[in-house]
Structure formats: structure tokens, C-alpha cells
2 protein chains.
Amino acid sequence: MIQTQKQSAAEVAYRHIRRRIIDGTLQSGAFLIEQDLAAEIGVSRTPVRDALHRLENEGLVHAEGNKRAMVRDFSESEVEECFELRAQFESFAAGRAATRITPEGIAELKRHATRMEEVVNDAGPEAALKFSDLNDLFHAIILDHAGSPRLRELMRPLMQVQLVLMKRYRHTIEMHLTRSCWHHSELIRAFEAHDPAWAESQMRTHMLSAKNPGAA
Amino acid sequence: MIQTQKQSAAEVAYRHIRRRIIDGTLQSGAFLIEQDLAAEIGVSRTPVRDALHRLENEGLVHAEGNKRAMVRDFSESEVEECFELRAQFESFAAGRAATRITPEGIAELKRHATRMEEVVNDAGPEAALKFSDLNDLFHAIILDHAGSPRLRELMRPLMQVQLVLMKRYRHTIEMHLTRSCWHHSELIRAFEAHDPAWAESQMRTHMLSAKNPGAA
DNA sequence: CTCACAAAAGTTGTATACAATACTGGGAAT
DNA sequence: ATTCCCAGTATTGTATACAACTTTTGTGAG
């Protein structure tokens, strides 16, 4: 049976606004007027409010007092900060995942890694975007197997923000993609060995390397 | 000039519900019915909804789909999980803070540490609660000086949850308090030396020690 | 021209009513 | 007895109206 899965208005609003922030239609500092967004999306202000709160918690939107919300400013320094935090937390998560990940989990990682390599080789016009999505899934799998729901929740905002930043500043350039693929395959090996220290170190390397995409 | 600072209904609702969760009036698994809470607090459902969303993001409330929200279940294993995550994140924060903290920041830390020692010595009936509050402030100061707003935001839910857990399971027993004071003074020394590795290590020690309060 | 200030417009916060969904209990089929 | 299903009730989701607050605009004094 096909699940047409009716979505709540709040969810629709959330996706809509999120998309517009990620694709750059709504740039840093742009005001998010509830009324306007509601009219644009075709729902009332109530679900829009919910969506904005959610986006605020995820760090994509800034709001304070009774003032109008705006798209949060993502400076270059924030990119650095995100990478550093992710290097710290995801390596921790990788270490935990090493001893907990299931064979199915590893198979899933391999599937995504393979897809990413294909994307890099085909090198279509949207390669960077496709890669970015797959990459997020890859990292999400690892977090899911870290056996800590709280950690998973804590990381979400960080991943969100970086999704925006990557697409905006094109941090994922060609050179970097092939290197990432190599890191991913190494990571998978560490997981297969169920070696926490290796997995942790490998993940840290991966993140810190991504932080400096320009370096030869 | 005295700021009477009129609070929004949403803020009032948030504080009210949060308090009831922390002091145990609302126990794990209790249903949070918007209508009832609204009547009890004396506001409409709208700000109550906002408050519940906020509490959900902070990890104190669980909700999914259109089902009614409930007070999240805080198992013993979650306590362990929180301590582990905090050991990881706060030691990282402490390392960063070591090179960034100002003399004023250090003075503030000392002030709080001293107050905590007094509380432990006086040993009044509410010593544990007072200590817990001061302790939170102490750790908050360090996070504030880590120079990473994102990290600060990420930690908030973790601190919140633990506040509940500590009060509920009385993790802060006498033995543990004096030990914590000792750790705090050591931490301050590390900050005064502006030694990241020392501060980080000391904080990790502190958190992992707190995780096992029973050990002699 | 610039500043201060007040009026007007714009926007968010809250309350309330209704719609959609989830929960509860009892009765029928097995 | 047990399971399934249905209707009735409870609760949440959404829309709308109004109140409170914020921002902009316009006007006059210096």
C-alpha cells in the first residue's frame, strides 16, 4: 500500500522555509514575516510560527523579543566553528559506533559510499549537491549507531547549519570530494574492525581535513 | 531603575511547567494536556503550546505526531549518558576557555566556588539544591568563555536534563560535594595558567568522577 | 539639515472557535 | 475469554480576530 502520508501544515511550512534558506532564496539577514510566509505557503500564521520556532532551534533562524525573525547570519568563522565542533562530537560518536554498529549498518554505509564515488566520477552539474545529501546520510547513519539518542539530537542543528553553509560557500569542491571518498572507505574499515580508537581518529581526520578544503 | 520586566505568557507557562517537572510534581510519563495546563496557569493554550515545544527541544518533554505530550522518561541509564556527553563536550569547552577566559571570568568562577564551599560547610537542609544551582552557574561561566555560541546553545538541553535528574535521583550526595569543590579549585588553577590541555583534562576528570558518586 | 518625538503602519503575542486526529469503552463475532 | 470494530469523547492542529509591541514615517523645532 502506498502511503500518501498527509503532512501537517506546520511540516509543510517548515520544509518550505527551510528550503528557501538552503537554496539561498532567503539570504542572511532577510526578515521572515509570518503573515507573508503564511500567504505564500497557503496556510495560516499558526503553523508558520511553529516552523519558525523549529528553525530557530536548529540554528537557521534568529529571533529575539517580539521583534521579527530573520535568517541567521552565517559568517565564514561560523563555518570553522561548525567544523571544529563536528570534529569533536562526531569523532566521539564514531568511537561509540565502532563497538555498536551492526552488519546492516556497515552495509548501509558501504551503499552510500559507493553512490558517492559514482557521483564524483560522473561529475554531473549537480554533483556537489547530490554528494552533500549523500554525505549527510552517511554521517547520520554513524550517529544513529552511536547508541545515544541525546547525542543524535544534539548534532542535528549542527548538521543543519552546515548544510546551508556548504551549499552557500561551495565548500565541497572537486578536490575535496575524492578525498572524502577515501576517508569514508577508511572509516568503514575501522567500523568493520570495531576499533573505537581507529574510528574516532579517522573521523576526526576526516572532519579537520574538510575544514581546510583548499590545502593541497 | 528597577526593571519589573513584564514577562510574556509563553515565558510564564514555560517556567511553570519546567518547575513542576524539576520538582517532581509532574513525574515521568505524566501527560501534559494543553487545556489543563492553560487553565492551571491562567493563560490560553497558545503560549502553553509554545512552552511545550521549547521544553521538548530542551529534552524535558516527549511528543510525537498529534499525540499528547508527556514528561520524558529519565532512566538511570540516561544519567550515565548525560554524564558521558558532558564529560566529552565540557572538557572540550574547558580547553577552549583556558585560552580565552578573562580575569573577570576567573574572578566570577572563584566567587561561585567559594559560595559552594560555604554551602557544603554549613550543610543546611537545602544544601544539595543550593549547591546544584551554584554548580550550574559555575559550569555555565566556563561555557560562556569557550568562545563558541553554538557550543553554548548545544549544551543547554544537556544541562537542563541533568538538573532534573540530579534533583530526582539525589546524585549530589555529601561525599561528592566536597570532592567537586576540590575539582573546581583545580579547574580554576588550570584556567589561571591558561593551559588548555590541563583545563580539558581536569574537566573530564571532574565529570567522570561525578558520574560515579558512590565510589570511595 | 538633523534631531526629537508622536502618529501611523506593520508585525508579533494571545485568545478563542472550529476541524482533524487520537484515545476510550462497549458490544459483536469468533 | 479474546479480538476487532465502531461510536463517542478527549485532545491536538489550524484559522481567525484582537491586543500589545515594534518599526517606520512624517512633522516641527533648533
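Everything quoted here is computed from the prediction, not taken from an experiment. Values below: every heavy atom of this structure, side chains too, minus hydrogens, waters and symmetry copies. Proteins get letters first, then strands, A, B, ... in listed order; numbering begins at 1 in each.
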If you compare every side-chain N and O of A:Arg49 against the phosphate oxygens of C:dG13 (OP1, OP2), does one of them come in below 4.0 Å? yes
Can you tell me the distance, in whole Å, between the CZ atom of A:Phe31 and the C1' atom of D:dT22? 11 Å
Would you say A:Gln35 has more than 12 foreign heavy atoms packed within less than 6.0 Å of its CD? no
Check B:Arg72 with A:Glu153, please: is the shortest side-chain N to carboxylate O separation under 4.0 Å? yes
Nearest-Å distance for atom pair OH/P, residues A:Tyr14 and D:dG13: 17 Å
Send over the distance from B:Asn66 CG to D:dA10 C1', rounded to a whole Å. 13 Å
With a 6.0 Å cut-off on the ring centroids, do A:His184 and A:His112 count as close? no
Across the strands shown, which category fits A:Leu52 at heavy-atom distances under 4.0 angstrom: base, sugar-phosphate, nothing? nothing
Tell me whether the side-chain N/O atoms of B:Ser44 come closer than 4.0 Å to OP1 or OP2 in C:dT14. no
What is the separation between atom CG on A:Leu37 and atom P on C:dT11, rounded to the nearest whole Å? 11 Å
Separation of C:dT14 atom P from B:Glu11 atom CD, nearest Å, is 10 Å
Between C:dT24 and B:Arg68, is there an OP1 or OP2 to side-chain N/O distance shorter than 4.0 Å? yes
Does atom CZ of A:Arg115 have more than 12 heavy-atom neighbours from other groups under 6.0 Å away? no
For B:Glu34 and C:dT14, what is the distance between atoms CD and C1' respectively, to the nearest whole Å? 14 Å
Between B:Arg45 (CZ) and D:dT11 (P), how many Å, whole number? 11 Å
Rounded to whole angstrom units, what separation is found between the NZ atom of B:Lys67 and the C1' atom of D:dT12? 12 Å
